[in-house]
Amino acid sequence: MNKKEKINKLIAVLKLILLFGIMIAIPLYLFIFQKDMMKSFKSLDDVTAFLNAHRSKTVFMYIVIQIAQIVISVIPGQFFQIGAGYLFGFPKTLIFSVIGAFIGTFISFYLAKILGRESIKVLFKNHKIDNYLDHLNSQKGYTIVFLIYLIPGFPKDIVGYIGGLSNMNFKPFVLFSLLGRTPAMSVSILVGTLYYSKNYTALAIVVAVVLVITGICILKRKKISGYMEKLYKKVSK
């Protein structure tokens, strides 16, 4: 075996170790050694109590949880956004959420480049990776990324990884993913802020506006697609 073959073999082994860590070691650590913590994430009140109990390092923990929710998908990030909206208020929580989403997207995007397609297929074995890749490598790839993150119901956690496998550049990819994520994050944060302040009228208005905007996005998706393509041309220069 020559030097190049040894290096390639070492890289393959390191990839397997990294894949094992993401798939098994991290979730196993959380569910065995942080069992009580994971149990406390079952309801919104429990999440808020957890954040209150760690006030001295709440901001750091919240950002780490947002990152973990994107990278390993074992923590209910939406509950934490609502709870943090109550604790920090809307502007601060949105900033912290965007920071966490950016870092989480960065990690998943470049992890995919390191691990490669076959490893990602193992990581997300129930998803059609090649089908996603075909869409993201199309001319409307960035628009598709935006819409996946914007419209509820799409499996979002896998998109950062597939973005890393695709021909996309990170800069426009993370911009469009954050643009798509921000409305949903904003709503979750507002819900927390308004719910805990018992401003139920404003909360009902927010929910109604979200439903209307979601409907408009679905009906006007072609126009949104055209606007996103123009924005992509500006960003990718």
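- The side chain to side chain contact (heavy atoms under 4.5 Å, CB included) search around Ile103 returns Ile67, Ile99, Ile107, not counting sequence neighbours.
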Tell me, with the steps shown, if Thr201 and Leu194 meet side chain to side chain contact (heavy atoms under 4.5 Å, CB included). CA-CA 9 Å; Thr201 302; Leu194 297 174; over 6 Å; no
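- Without hydrogens or angle criteria, Thr93 side chain to Ile189 main chain gives no donor-acceptor distance under 3.5 Å.
- Closest non-hydrogen pair, Ile70 versus Ala101, comes out as CD1-CA, 3.5 Å.
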Please tabulate, for side-chain N and O atoms in residues 176-187, each donor-acceptor pair with protein atoms closer than 3.5 Å (sequence neighbours left out).
| unit_1 | atom_1 | unit_2 | atom_2 | d |
| --- | --- | --- | --- | --- |
| Ser177 | OG | Phe173 | O | 3.3 |
| Ser177 | OG | Val174 | O | 2.9 |
| Thr182 | OG1 | Leu178 | O | 2.6 |
| Ser186 | OG | Thr182 | O | 2.8 |

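- The main-chain N or O of Gly85 is found under 3.5 Å from a side-chain atom of Thr193 such that the two form a donor-acceptor pair.
- Note on Ile95: it clusters hydrophobically with Ile63, by side-chain heavy-atom contacts below 4.5 Å among ILVMFWY residues.
- The minimum heavy-atom distance linking Lys113 with Ser166 is given by the pair NZ-O, 4.1 Å.
- Every side chain to side chain contact (heavy atoms under 4.5 Å, CB included) that Leu190 has, sequence neighbours left out, goes to Phe90, Val206.
- Partners of Ser97 under the side chain to side chain donor-acceptor pair (under 3.5 Å) rule, at least two apart in sequence or in another chain, are Tyr62.
- Closest heavy-atom contact between Asn169 and Tyr142: N-OH, 2.9 Å.
- A continuous path of ILVMFWY side-chain contacts below 4.5 Å connects Val98 to Val145, so both sit in one hydrophobic cluster.
- In this structure, CG in Leu150 is found 11.5 Å from OG1 in Thr143, a value given to the nearest 0.5 Å.
- Considering only residues two or more places apart in sequence or on other chains, Tyr110 meets the ring pair (Phe, Tyr, Trp, His ring centres under 6.0 Å) condition with Phe106, Phe170.
- With sequence neighbours excluded, the residues forming a salt bridge (charged side-chain N to carboxylate O under 4.0 Å, His left out) with Asp130 are Arg117, Lys121, listed by chain and number.
- The aromatic ring centres of Tyr161 and Phe109 sit 6.0 Å or more apart.
- The distance from atom CD1 of Ile129 to atom CG of Asp134, rounded to the nearest 0.5 Å, is 11.5 Å.
- Residues passing the side chain to side chain donor-acceptor pair (under 3.5 Å) test with Asn137 are Asn167, sequence neighbours excluded.
- Applying the side-chain hydrogen bond (donor to acceptor under 3.5 Å, both in side chains) test to residues at least two apart or on different chains, none of the pairs has a partner in residues 202-213.
- The structure places CG of Leu87 at 11.5 Å from NZ of Lys92, a figure rounded to the nearest 0.5 Å.
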Yes or no on side chain to side chain contact (heavy atoms under 4.5 Å, CB included) for Val191 and Gln81, after CA distance, side-chain angles and deciding distance? CA-CA 9 Å; Val191 166; Gln81 289 166 3; over 6 Å; no
